[in-house]
Amino acid sequence: AGKSLTTNGSVLSWALTSLFNAQTFDYTGSTQQFTVPSTGSLAFVFLWGAGGSGATDNSGNGDSGGGGGGCCFGIFPLSELGSANETINISIGEGGYRSGNDQGGEAGGNSTFGTSSQSFYMKANGGEGGQRTSTGGRGGQIYDLGYATAGSSLIGGFAGGQGGNHAVVGDT
């Protein structure tokens, strides 16, 4: 049931063929719905904030990159997420956008799983936009994570990386 044992004549392989039922959500500009499955025991949730856009500065201070979005994860027993077929709100942040030359970067949008009143709520913040002074945007943080119940849930995360700098060197 969901397992296979195969060989090519010299190597024996064991595999679980139906381990995951994956769902992927992309930015749409609207709140989306995750439906709690009726089968299985755990949900693995990975959430990323959107990256900030870079900046350009034609006056000589240098360009800079936008910060990366924060990332968080949660491992939840399905029973903590509600009954089968209940829905959970998900919002996916939009990547930062810079509309033209000689402008600072825009911040990336935040991504959330659940609402702030739910114990499994997670939020990965978007990265900052790059600055016009050759300073890269700071990475997105993960300030808002639900509180894990000992022995049941696991929640953690990582901040996004800072955008790179490009200092302009004058003529010598």
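Throughout, numbering of the chain's residues begins at 1 and tracks the sequence.
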Asks: Verify the distance criterion only: is there a donor paired with an acceptor across the side chains of T115 and S117 at less than 3.5 Å?
Replies: yes
Asks: What is the distance from atom OG of S53 to atom CD of Q103, rounded to the nearest 0.5 Å?
Replies: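 Reported value, rounded in 0.5 Å steps: 9.0 Å.
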Asks: Test Y27 against E94 for side-chain hydrogen bond (donor to acceptor under 3.5 Å, both in side chains), laying out the working first.
Replies: CA-CA 6 Å; Y27 172 77; E94 179 179 22; 3.2 Å; yes
Asks: Looking at N110 and G126, would you say the former's side chain and the latter's main chain have a donor-acceptor pair under 3.5 Å?
Replies: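 Yes: the side chain of N110 pairs with the backbone of G126.
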Asks: What are the two closest non-hydrogen atoms of A124 and G70, and how far apart are they?
Replies: CB-O, 3.4 Å
Asks: I'd like to check S83 versus V36 (side-chain heavy atoms, cut-off strictly below 4.5 Å). Are they in contact?
Replies: no
Asks: Can the ring centroids of F113 and Y121 be said to lie less than 6.0 angstrom from one another?
Replies: no
Asks: Does any non-hydrogen side-chain atom of I92 lie less than 4.5 Å from one of Q32?
Replies: yes
Asks: Please report the interatomic distance OG1(T112) to CE(M122), rounded to the nearest 0.5 Å.
Replies: 9.5 Å
Asks: What I'd like to find out is whether the side chain of T31 reaches to under 4.5 Å of the side chain of I90, using heavy atoms alone.
Replies: no
Asks: Using side-chain contact (heavy atoms from CB on, under 4.5 Å), reason through T35 and E86 one step at a time and then give a plain yes or no.
Replies: CA-CA 6 Å; T35 302; E86 278 189 51; over 6 Å; no
Asks: Just so I know, are the side chains of W48 and C71 near enough to count as touching, which here means a heavy-atom distance under 4.5 Å?
Replies: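 When only atoms from C-beta onward are counted, C71 and W48 do touch, with a gap below 4.5 Å.
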Asks: Do any N or O atoms from the side chain of S111 and from the backbone of L47 form a donor-acceptor pair under 3.5 angstrom?
Replies: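 Here the side-chain-to-backbone pair does not exist.
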Asks: What are the two closest heavy atoms between G105 and A55, and how far apart are they?
Replies: N-CB, 3.6 Å
Asks: Looking at side-chain heavy atoms only, is the closest gap between T87 and F34 below 4.5 Å?
Replies: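 They are not in side-chain contact.
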Asks: Measuring from atom CD of Q118 to atom CG of L81, what distance do you get when rounded to the nearest 0.5 angstrom?
Replies: 9.0 Å
Asks: For a 4.5 angstrom cut-off between non-hydrogen side-chain atoms, does V45 reach F76?
Replies: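 The answer is yes; the side chains approach within 4.5 Å.
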